[in-house]
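The structure under discussion appears below in the form of structure tokens.
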Amino acid sequence: MTTALRQTIFSGIQPSGTVHLGNDLGAIRNYVRLQESHDAIYCIVDFHALTSTHDAGLLRSRTREMAASLLALGLDPDRCTLFVQSHRPEHTELAWLLATVTPVSWLERTPTYKEKKQNQPDDINHGLLTYPVLQAADIVIYKATQVPVGRDQAAHLELSREIVRAFNNRYGDTFPEPEAVYTDAPVVLGTDGVKKMSKSVGNTIDIFGSPELVRKQVMSMVTDTQRILRTDPGRPEVCNVCQLQRFFGDDYEDLWDGERTARTGCVDMKRLLADRIVAHYAPARERYDDLMAHPGRIDDILAAGAERLRPRAAATMDDVRERMGLR
Ligand code: TRP
């Protein structure tokens with residue numbers, strides 16, 4: 001693999017446990033694609049997760065499940081670097097150094113910080129405030145220039161760029177300004193057809209669950225709420241089941257036509273979608289189960305990923321310490 005000429009991309013993903021359909025369509029498919037063309041570094045951000053998850057056993061199992069999910073869905077340790085944030089402790093050292101160029105006011109006005117203050121009012125820990133500084137450190141420690149993320153990360157990425165500018169201003173040109181690369185995938189709605197698919201909302205389609213579970217979840221999906229009678233024409237544009245068909249086969253135009261002309265009904269459409277999701281993810285589900293049955297393999301891959309990054313992190317830290325007068 002010739003990584004030297006490839007652009008470095010970095011993305012971080014929260015260890016939320018087993019992934020759902022929205023995670024795959026919204027982010028992971030893109031990660032898999034980018035490993036072919038880029039020097040791709042993917043990080044499971046357990047340090048960040050500590051700002052909200054305080055159960056050690058839970059964090060440990062979710063980290064491993066996330067790793068197994070990513071590997072099962074196609075991240076290939078020979079084509080990208082997958083690792084766990086806390087396995088490269090230089091991230092936190094750099095975060096401290098970047099914190100000293102970051103005005104508190106920038107952090108206080110971060111939208112996610114304001115949201116978290118509302119969502120967990122009894123646990124407004126300092127990590128929540130400083131979260132974007134650590135995120136900036138994640139990215140720039142490897143001098144990544146592009147960051148594939150969802151639109152919800154726009155404010156964080158802007159902050160990363162501002163922090164880089166502040167650092168470069170004070171200490172000289174050190175880091176490139178990272179650029180966000182937004183995934184084209186539209187926001188994947190959950191089974192309720194209203195909110196973004198998310199574990200905390202409880203509207204997920206669990207691609208690594210049993211076929212029975214996937215079927216049950218798909219059959220529970222809310223479709224076009226104005227289509228009352230089976231003979232009413234359907235409106236694929238507003239039907240979440242129809243929208244998801246786009247990702248599973250190239251015949252969705254035909255399927256949509258069937259809906260518009262009431263040739264087919266919502267139940268037909270759901271059965272087909274469930275079949276396709278189950279079939280599409282069957283090989284990944286097998287790989288997932290196999291990895292989870294051999295956790296040592298997962299741990300070895302993650303350890304090797306962190307080890308591979310050691311010299312890169314060390315080189316950046318040497319440079320930064322020198323520039324800041326730490327020797
Ligand atoms: N904040 C990101 C999220 O919640 C995760 C993350 C941490 C990240 N560090 C990153 C994303 C670096 C991109 C780059 O999804």
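Note that the coordinates shown come from a computational prediction; the quantities given were computed from them, not determined experimentally. Note that ligands are numbered from 1 as they come in the structure, with each ligand's atoms numbered from 1 the same way.
The residue from V147, L157, I9 that puts a heavy atom closest to atom 14 (C) of ligand 1 is V147. Of the options G12, P132, A180, the smallest heavy-atom separation from atom 5 (C) of ligand 1 is shown by G12.
Only side-chain heavy atoms of I139 come within less than 4.0 Å of ligand 1; its backbone N, CA, C and O stay farther off.
Here is the list of ligand 1 atoms found below 4.0 Å of a heavy atom in Q14: 4 (O). Listed by number with element, the atoms of ligand 1 under 4.0 Å from a non-hydrogen atom of D138 are 7 (C), 9 (N), 10 (C). Close approach to Q153 involves these atoms of ligand 1, each under 4.0 Å from a residue heavy atom: 1 (N), 2 (C), 3 (C), 4 (O), 15 (O). Heavy-atom contacts of V149 reach the following atoms of ligand 1: 11 (C), 13 (C) (cutoff under 4.0 Å).
Inter-residue side-chain proximity for L302 and L82 is flagged as met; some heavy-atom pair is nearer than 4.5 Å.
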Please determine whether side-chain contact (heavy atoms from CB on, under 4.5 Å) holds for the pair F10 and V140, giving the CA-CA distance in whole Å, both sets of side-chain angles, and the decisive distance to 0.1 Å.
CA-CA 9 Å; F10 182 99; V140 302; over 6 Å; no
Evaluate the side-chain hydrogen bond (donor to acceptor under 3.5 Å, both in side chains) criterion for residues D39 and Y142: first the C-alpha distance (whole Å), next the side-chain angles of each, then the deciding distance (0.1 Å), finally the verdict.
CA-CA 10 Å; D39 165 29; Y142 307 112; over 6 Å; no
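For atom 10 (C) of ligand 1, the closest non-hydrogen atom of the protein is Q135 CG, 3.4 Å. At the shortest separation from atom 4 (O) of ligand 1 among protein heavy atoms lies Y131 OH, 3.0 Å.
Ion pairing between D46 and R60 fails under the 4.0 Å rule for side-chain N and carboxylate O.
Using cut-offs of 30° and 60° on the angle between ring planes, the pair F248 and H280 is perpendicular. Relative orientation of the Y131 and H48 rings is tilted, given thresholds of 30° and 60° on the angle between their planes.
In the displayed structure, E36 atom CD is contacted under 6.0 Å by more than 12 heavy atoms of other residues, nucleotides or ligands.
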